[in-house]
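Right, one structure below, let's go through it.
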Amino acid sequence: MSSRTLPLLFINLGGEMLYILDQRLRAQNIPADKAKKVMNDIITTMFNKKFLEELFKPQELYSKKALRTVFDRLAHASIMRLNQASMDKLYDLMTMAFKYQVLLCPRPKDILLVSFNHMDAIKEFVKDTASILSQVDETYHQLIEMYTPLSSGEFQLIRQTLLIFFQDMHIRVSIFLKDKVQNSNGRFVLPTSGPVPYGTQIPGLIRMFSCTGEESSRLQFNNGGNYTTALREGSFEIFGDRVTKLGTNMYSVSRPVETHMSGTSKNSAQHTKVNAAPNPLAKEELNLLAKLMGGLEVQKPGNADSGFRVNLFATDEEEEEALISRPDELSYGVINIQATKDQQANAELAKIMGEFTESKDQSPSSSSKGDYLLAMMDGL
């Protein structure tokens, strides 16, 4: 497992979330000023300096539930509100889109190009707001500094870590089904055509060499596909042609997007429930959530009129039906942390709270720190 995977996972899922929200804000005819405020607020929170400092620290990838909690908090960083069914659908679309992109990357290193495509689109969303633009540019520099020196083997480990994270997720998405890149069981169809990875040759030729290193013979075979040579490599700089279209906005052309639970997903969820064992990383995961969410500032609407709800379904009835029909194991409504009876856990929580106290005022007692963190987590 790579300890450098979390920033890429967060930025790419965040980019997909912004694509979807932008499309829904336009589809529901939300006034332009409110829509712009939502996008700006979410991007500002997403690229918060303190938040990114924690995010870019080398660390293991945590559970789907922990990351889902962070994105739930992020999606509500402005005046927009989503109910649970819409939030579930939003997260499904985000994760399946990025899973598809990771699977189709010709080289493991191209995951960084996918990330840059998301970053380029995010930069376009805030091109008129200089302060947010500087936050995005700073993240470009952090990505380049951390990832461009990595070897192919290190990128392969990142790709493997991402695929392990996504391996049990088989949500059917209407766009993928219509484009015939996803089967009815929720699994993706990998193409047997198109450009080969940059720096490689089209398969179909076996060359044999003698003990002196000279080529002795050649043998051709049918590669079973229609492959072409890659014309050029994508740019790994702040500006430039990324070449790949993976990670660009697939919602730029208005199309209805539906998600459906496949049988595989339901079985996986039930399997997970049956085998639910104590998580050995529970303490570290709580620490991650506490630190990450300490950097996420959620704005509450000043009055009832300023806020609005966004629906990711065609009608409210469809949204309600989706909420009822979704398996409980695949919903992330509330995270309950039962630590009130464990003195050792309370002491650990108090220690964590002390690490990210923001004010310079006299710190409260250890018990009040723990109570505050528990209250914060119970409200997730």
Side-chain angles (χ1 to χ4, degrees), residues 8-9 11-24 27 64 88-118 120-121 155-156 158-198 200 202-203 223-231 234 242-269 312-314 322 330:
L8 294 180
L9 181 62
I11 287 171
N12 285 284
L13 289 180
E16 288 299 322
M17 182 178 76
L18 290 167
Y19 291 162
I20 298 163
L21 292 179
D22 174 63
Q23 190 270 338
R24 293 311 301 164
K64 298 177 180 68
D88 285 341
K89 180 175 179 179
L90 174 63
Y91 192 70
D92 288 345
L93 291 171
M94 290 159 48
T95 51
M96 293 306 290
F98 185 43
K99 178 181 180 178
Y100 178 66
Q101 293 156 12
V102 173
L103 284 170
L104 261 66
C105 277
R107 303 175 300 173
K109 187 178 181 180
D110 290 336
I111 292 172
L112 190 53
L113 292 177
V114 174
S115 305
F116 284 142
N117 271 336
H118 283 116
D120 293 344
F155 272 112
Q156 172 58 23
I158 289 173
R159 182 177 184 271
Q160 183 181 9
T161 304
L162 287 170
L163 291 177
I164 290 171
F165 179 83
F166 289 127
Q167 67 180 349
D168 293 327
M169 304 182 73
H170 306 293
I171 314 296
R172 291 176 293 168
V173 179
S174 60
I175 285 182
F176 295 141
L177 292 169
K178 289 174 183 176
D179 290 344
K180 300 187 185 304
V181 298
Q182 189 180 32
N183 290 326
S184 58
N185 63 2
R187 298 183 182 274
F188 289 114
V189 179
L190 299 182
T192 56
S193 62
V196 296
Y198 179 80
T200 63
I202 296 175
N223 59 28
N226 184 22
Y227 298 102
T228 59
T229 304
L231 297 178
R242 313 300 178 191
V243 179
T244 180
K245 297 300 180 185
L246 296 173
T248 56
N249 191 350
M250 67 177 178
Y251 308 99
S252 54
V253 177
S254 180
R255 292 192 286 180
V257 183
E258 298 297 334
T259 57
H260 309 277
M261 301 309 306
S262 67
T264 308
S265 294
K266 293 176 182 177
N267 293 337
S268 298
L312 267 75
F313 296 83
L330 295 173

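- Counting all heavy atoms, side chain and backbone alike, Tyr251 lies closest to Glu16 at CE1-OE1, 4.1 Å.
- Rounding to the nearest 0.5 Å places CG of Leu13 at 6.5 Å from CZ of Phe98.
- When side chains are defined from C-beta on, His170 does not count as touching Asn185, because their heavy atoms never get closer than 4.5 Å.
- Rounded to the nearest 0.5 angstrom, Leu103 CG and Arg159 CZ are separated by 6.5 Å.
- Of all heavy-atom pairs between Cys105 and Val114, the closest is SG-CG2, 3.7 Å.
- For the pair Tyr227 and Thr192, the tightest heavy-atom approach, listed with the atom from each and the gap, is OH-CA, 3.6 Å.
- With a 4.5 Å cut-off on side-chain heavy atoms, Leu93 and Tyr19 do not count as touching.
- The nearest pair of heavy atoms linking Thr95 to Phe166 is O-CE2, 3.7 Å.
- Counting heavy atoms from C-beta on, the side chains of Phe155 and Leu112 come closer than 4.5 Å.
- When each of Leu8, Thr248, Asn12 is checked for a side-chain contact (heavy atoms from CB on, under 4.5 Å) with His118, only Asn12 meets the rule.
- Residues Asn183 and Phe188 fail the side-chain proximity criterion, which asks for heavy atoms closer than 4.5 Å.
- If you take CG on Asn249 and CG on Asp120, they are separated by 12.5 Å, rounding to the nearest 0.5 Å.
- A distance of 6.5 Å separates CE in Met250 from CD1 in Ile20, rounded to the nearest 0.5 Å.
- The shortest side-chain heavy-atom distance between Pro191 and Leu104 falls under the 4.5 Å cut-off.
- Panel note: side chain Asn117, backbone Leu246; a donor-acceptor pair is recorded below 3.5 Å.
- In this structure the side chain of Pro108 never reaches within 4.5 angstrom of the side chain of Ile158, judged on heavy atoms.
- Using a 4.5 Å heavy-atom cutoff, the side chains of Asp110 and Tyr198 are not in contact.
- Shown here for Met96 and Gly186, the closest heavy-atom pair between the two residues is CE-O, 4.0 Å.
- Taking the six-membered ring where tryptophan is involved, the planes of Tyr100 and Phe176 are tilted, since the angle between them lies from 30° to 60°.
- Between the NZ atom in Lys99 and the CD1 atom in Ile171 there is a gap of 9.0 Å [rounded to 0.5 Å].
- Between Val173 and Gln182, the closest side-chain pair of non-hydrogen atoms falls below 4.5 Å.
- Of all non-hydrogen atoms in Pro106 and Pro197, the two that sit nearest each other are O-CG, 3.3 Å.
- Atom CD of Gln167 is separated from atom CD of Gln160 by 10.0 Å, given to the nearest 0.5 angstrom.
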Exercise. Between Ile202 and Asn223, does a side chain to side chain contact (heavy atoms under 4.5 Å, CB included) hold up when you go through it step by step?
Worked result: CA-CA 9 Å; Ile202 296 175; Asn223 59 28; 3.9 Å; yes
